[in-house]
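To keep things clear, I will list the structure first and then write my remarks on it.
Read the numbers this way: they start at 1 and go in the same order the structure lists the ligands and their atoms.
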Amino acid sequence: MTALQWVFSFLKKYRFRLITALFLVTISCLLTIINPYISGIIVDDVIKGGKRGILPKLVLLLIGTTIFRSLIKYRFLVIFETTSQNMLYSMRDYVYRRFLQEDFNFYNKNRTGDLMSRQTGDMEAIRHFVAFVIYSVYENSLLFIIALVMIFTVDFRLALCMIAVIPITVLLTRKQLSSVKAAFHNIRQRFSSLNTFVQENVSGNRVVKAFAKEDYEIQKFNRENDAYRDAELSAAAIWKKYVPIFEFLANFLTVILYLAGGIMVIKGYITLGKMVTVSGYLWMLNNPLRMAGWLANDYQRFVTSAEKIYATIKEEPGIKTPDNGVKAKRFQGNLEFKHVNYRADDDVILRDINFKVKPGQTVGIIGATGSGKSTLMNLLCRFYDVTDGEITIDGVNLKDMDLYQLRSNIGMAMQDVFLFSDTIEGNIAYGSPNCSLEEVIEAAKVANAHDFITAMPEGYDTIVGERGMGLSGGQKQRISLARALLKNPSIVVLDDTTSAVDMETETQIQEQLHSLSDKTVFIIAHRISSIKDADQILVLDNGRIIESGNHESLIQKKGYYYTVFNHQYGEFDRYVNGNLKEVVC
Ligand code: ATP
Ligand code: MG
């Protein structure tokens, strides 16, 4: 399917409305024949022929035709406008749904500003095409043909003079279309880039201020702004070349008419009334010529935007829910990674990962930064697919499971906490919008967030997120934890969720988490204190599990975990002959 076929597939639904509207355009164009024709009769029969009696009827006919034509025009304009809005509504909805279906790789590849441009500026170019360009091209072509036919009926020699400009117009329009194409692609690119820049700078304004980089950012913005303006100007430079030629041709037609027509009237080949009729049709020839350049521009703008949108969404998401995927309301929590490898862009991120987890177990994951801890959990949620091997839950391969059921069974507090511009209650209840305030409070208590939330003037109604009140890193983490727990998932993933909270709060959170014995819990952490009570601890290094076991057995091993433990606690003297004494964390 091409980009244009894709766009027109959204118009299919409205084809009867569009045909009706085009029919009305045809009637409106045909009505334009009447007024110049009557003007000719007024000159020949009323003014020159003295038949004054028919004048009132002719004037009434003139007025009536004008009113009727205006009403028809109003009607078809409304149809085109509403069709364009409705079609755009469906298209925006489709594209947005597609954005939501896309996987992490899609968002790694596409910049936010680009995606926003697809949903705004590019959509507008498509709306303009449907609301204006379609009928304008049809109306102008029809007016031109009708005018030529009518002039033919008056005098074929005069019509032939007028036709002389058609080949030049067609040639010029084609040339303009092809030369402006690259310029419009450049404009869309620059617009996306400008959008991305503004979006990033507004989101990252705290970093800009912290590094006092305002001047530097202004210079960068100016470069983006200049590039966008230059792209628009170079497109304008192209049509600047063509528009005067079209304008000249339009005016030249007037000259041809008055010159050739005048000579014919003088020589008596045609009457003055016929000449008046022909000059009444002149605008129907002039207007299409004047519009040709603009419409070619609008058409190319539309094609470019359609191609941009289609290119963004045409590839099927890499990760999709399988047809008839296995659905499980609730997992038992038997989980297994079997010889899992994960590569991204030829880089091996995880290699030969093997482990089993029993229902209700807590698994701690520790390892140097960049060792693959978050990636391991991203594979579990199928944000990415394993390159080799398989992951099973309750014996079912993740790839055979219904994707939405899988994710609704997992409650994840991500490493990068993101809160929506909403109340604290709304943020916690994000995954379970139908829950009661009591349930929200319950989850907040488990996440040790209830006390600081109630200490705020507006409590659970406090607006947070982008336009809301500032929260500390630890407070955001606890809201994110409450959000993950409120879903009551069978598997909980906490990715560095307590890294920003103090040790005492962390201990309290852990005590609360211990009470969730019906859940399989993964805790990713850098602090030994966060994971030491886990049933199983996986130590990752450079994408491999280098050690696994519980806290005691790992200490006995005296490997990586042991070294980290000693770095964090400095308790060398507590170990005598390799025997672990009780450690107070
Ligand atoms: P941290 O403790 O800092 O959170 P981590 O152990 O969670 O680190 P990951 O986020 O899993 O580390 O990343 C592991 C490695 O994989 C890193 O080197 C990272 O750059 C790389 N990586 C992760 N995802 C991708 C991806 N989609 N494409 C390319 N590289 C990736
Ligand atoms: Mg991580």
Would you say [X] has any N or O atom under 3.5 Å from an N or O of ligand 1, going by distance alone?
{"X": "G370", "answer": "yes"}
{"X": "A344", "answer": "no"}
{"X": "D345", "answer": "no"}

Any D347 heavy atom less than 4.0 Å to ligand 1: no
Consider ligand 1: state whether an atom of it lies below 4.0 angstrom from any non-hydrogen atom of G372. yes
Mutual orientation of the aromatic rings belonging to [X] and [Y] [parallel < 30°, tilted 30-60°, perpendicular > 60°]:
{"X": "F104", "Y": "F383", "answer": "parallel"}
{"X": "H551", "Y": "Y561", "answer": "perpendicular"}
{"X": "F355", "Y": "F522", "answer": "perpendicular"}

Tell me, which protein residue and heavy-atom name are nearest atom 31 (C) of ligand 1, and how many Å apart are they? I349 CD1, 3.9 Å
the protein heavy atom lying closest to atom 11 (O) of ligand 1 turns out to be T375 OG1, 2.5 Å
Looking only at the side chains, is there a donor atom on one of N488 and K519 sitting less than 3.5 Å from an acceptor on the other? yes
Classify the contact between F104 and ligand 1 as side chain, backbone, both or neither, using a heavy-atom distance cut-off of under 4.0 Å. neither
Please state which part of T369 comes within less than 4.0 Å of ligand 1, counting heavy atoms only: side chain, backbone, both or neither. both
Any ion pair linking [Y] and [X] (charged N to carboxylate O, less than 4.0 Å)?
{"X": "R98", "Y": "E102", "answer": "yes"}
{"X": "R301", "Y": "E232", "answer": "yes"}
{"X": "D541", "Y": "R544", "answer": "no"}
{"X": "D114", "Y": "R118", "answer": "no"}
{"X": "E442", "Y": "K445", "answer": "no"}

Closest to atom 6 (O) of ligand 1 among Q415, K373, R343 (heavy-atom distance): K373
Ring centres of F10 and Y94 under 6.0 Å apart? yes
Does atom OH of Y560 have more than 12 heavy-atom neighbours from other groups under 6.0 Å away? yes
Verify the neighbour count for atom OH of Y107: are there more than 12 heavy atoms of other residues, nucleotides or ligands below 6.0 Å? yes
Answer yes or no for atom 29 (C) of ligand 1: protein heavy atom present at a distance under 4.0 Å? yes
Indicate whether atom 20 (O) of ligand 1 is within a distance of less than 4.0 angstrom of some protein heavy atom. no
[X] heavy atoms, cut-off 4.0 Å: which ligand 1 atoms fall inside?
{"X": "Y384", "value": "27 (N)"}
{"X": "N108", "value": "27 (N)"}
{"X": "S374", "value": "4 (O), 5 (P), 7 (O), 10 (O), 11 (O)"}
{"X": "H526", "value": "2 (O)"}

Tell me, with the steps shown, if N448 and T505 meet side chain to side chain donor-acceptor pair (under 3.5 Å). CA-CA 7 Å; N448 214 281; T505 311; 5.0 Å; no
Partner of E336 by side chain to side chain contact (heavy atoms under 4.5 Å, CB included), out of I393, I391, T392: T392
If I only include protein atoms of type N, O or S, how many are less than 2.8 Å from the Mg ion (ligand 2)? 2
